[in-house]
**Student:** 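I'd like to ask you about the structure that follows.
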Amino acid sequence: MSDRAVATYRLYDDRADFHKKAEGIAVGLTVGSWTDLPEAKRASMAQHLGQVVSVTVYESDLPGERYADIAVSYPDLNISRDLPALLVTVFGKLSMDGRIKLIDLQWSASFEQAFTGPKFGITGIRQLLDVQDRPLLMSIFKSVIGHDLPTLKEQFLQQALGGVDIIKDDEILFENPLTPIDQRVRACMEAAQQAEQITGKKLLYAANLTGSTFGLRDQALRAIDAGANALLFNVLSYGYDVLHALSNDPDIQVPIAAHPALAGAIYPSPHQGIAAPLLLGKLMRLAGADLVLFPSPYGSVTMPREETQAIKAALLDESYTKVRTSLPVPSAGIHPGLVPLIVRDFGIDVVVNAGGGIHGHPQGTAAGGRAFTQAIEAVLQETDLHTFAESNEELRTALQLWGS
Ligand code: 1AE
C-alpha cells in the first residue's frame with residue numbers, strides 16, 4: 001500500500017467484536033473521532049484517517065484463547081519521517097490497551113527514503129574481514145568489570161589468537177576509570193596487530209558505546225580515533241532513533257553490532273509487546289544495525305526456533321526493504337557442539353558468537369577459539385564433529401565438556 005504504513009496486531013478477547021475494535025484503532029490512532037465530525041471537516045480529514053485492511057478471527061472455546069489478527073493502515077501524511085513517530089502512531093497508547101501485541105509492521109517506500117540502513121551489511125563486513133565463504137566467529141569479552149587495561153589487553157590477545165573474526169565488549173562494560181573506551185581500544189588494537197602477525201587474520205573489535213545519549217557521538221568518534229573498527233550498541237535502552245543517528249552519521253564509518261539487552265521485557269508474551277522478528281529483525285535493520293544479536297534456539301537463553309528463523313528472514317529478506325542486509329548473530333550459551341545446528345538453521349551468513357563457550361575451554365581462551373574454528377571447518381567439510389575431533393584436540397576437549 002503506497003504512502004501508508006500497515007501495522008498488524010494480534011488481539012486477544014473472549015467477547016469483543018473484532019471488526020469494531022479494528023475500526024476503533026484505525027480512527028482512534030489517527031483523526032480521533034470520525035462520526036462526530038461535521039461533513040465539511042470529514043472531507044479534509046479523510047486523508048489522515050486510518051483504514052482497516054483486514055480482520056481475521058480465530059475462534060476457540062478455550063477461555064482466553066479467542067483472538068484476531070487485525071491489520072490497519074496509517075497515512076504517511078500523519079507522521080514525520082522517523083521511527084519514534086511511526087512507532088508512537090501505530091503502537092503508542094495502544095500498547096497499553098489490553099491484550100494486544102504488535103506482530104508486524106510494513107512501512108512505505110517513501111518513509112524508507114529517510115533511512116540508509118546498515119552502512120556495511122553482510123557484504124561490507126565480509127569485505128572488511130576478507131572472509132567470503134564461511135560463517136564468521138565472534139567472541140565476547142567475559143569478566144571485564146574491575147579489571148585494568150593490561151588484563152583486558154591480554155584477554156583480547158588470547159581471543160584473537162584463537163582465530164576469531166570479531167571480538168566484542170561485554171554489553172555490561174560501561175565507561176569506567178580503569179578501562180576508558182579510547183585507552184581500551186588502543187590497547188586492544190595493539191593486541192589485534194600482535195595477533196594478526198601470528199594468525200594472518202583481520203579482526204574487528206566492537207567497543208561498547210555507552211553513557212548518556214548526547215555524549216554517544218563524541219564517544220564513538222573518540223573510539224574510532226583510537227582505532228576502533230566496529231561498535232557495540234545496546235539499542236533498546238536508548239531507542240531505535242539513536243541507532244539510526246549513529247548509523248547515518250557520515251563520520252562514523254564502522255559497522256555497528258546491536259545488542260538485544262532489554263528485549264526480553266518486550267517480545268516474549270503472546271499477549272503484549274512487540275514480536276521478536278519486528279523488534280530484533282526489521283526495526284534493527286532499518287535503523288542501521290550491521291549485526292544483530294538475539295537468543296538462539298539451543299543455548300542458555302533461548303527463543304523458539306520459528307522466532308529465530310523469522311528474525312533471520314527479517315534481517316536477510318530483500319523483498320520488503322531496499323536497505324542492506326544485517327548479519328544474524330544467534331547468541332547466549334553457544335559452544336562448538338552447536339555449530340552444526342547454527343549452520344543448518346542460519347546458513348553461512350551467520351555469526352557464531354560465544355563468551356563462556358570460548359573462555360570456559362579447559363585449555364584456555366585461545367584453545368576455545370580454535371575449537372570453534374575447527375567446528376566450523378568440520379561443518380563446511382560436511383564431516384561429523386566427532387570424526388573431525390579425532391584429529392583436532394581443542395574440538396575434542398570442547399565436545400567432551402559440552403557435548404554436541
Ligand atoms: C543474547 C546476548 C548474548 C550475550 O550478550 C552474551 O554475553 C552471551 O554470552 P555467553 O556466550 O552466553 O557466555
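What you are looking at is a predicted structure, and each value in this text was computed from that prediction instead of being measured. In listed order, ligands and their atoms are each counted from 1.
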**Student:** Counting the benzene-type ring for Trp, do H259 and F233 have ring centres under 6.0 Å apart?
**Tutor:** no
**Student:** Looking at K202 and E196, does any basic side-chain N land under 4.0 Å from a carboxylate oxygen?
**Tutor:** no
**Student:** What pairs of residues pass the side-chain hydrogen bond (donor to acceptor under 3.5 Å, both in side chains) test when at least one of them lies in residues 286-301, not counting sequence neighbours?
**Tutor:** Y298-D345
**Student:** Strictly under 4.0 angstrom, heavy-atom based: which residues surround ligand 1?
**Tutor:** I140, K142, D170, E171, H259, P260, S331, A332, G333, A354, G355, G356
**Student:** Only counting residues at least two apart or in another chain, list the ones meeting ring pair (Phe, Tyr, Trp, His ring centres under 6.0 Å) with F120.
**Tutor:** none
**Student:** Using the test side chain to side chain contact (heavy atoms under 4.5 Å, CB included), find all partners of D13 that sit at least two apart in sequence or belong to another chain.
**Tutor:** R15, A16, F18, K21
**Student:** Under 4.0 Å between a Lys/Arg side-chain N and an Asp/Glu carboxylate O for D349 and R126?
**Tutor:** yes
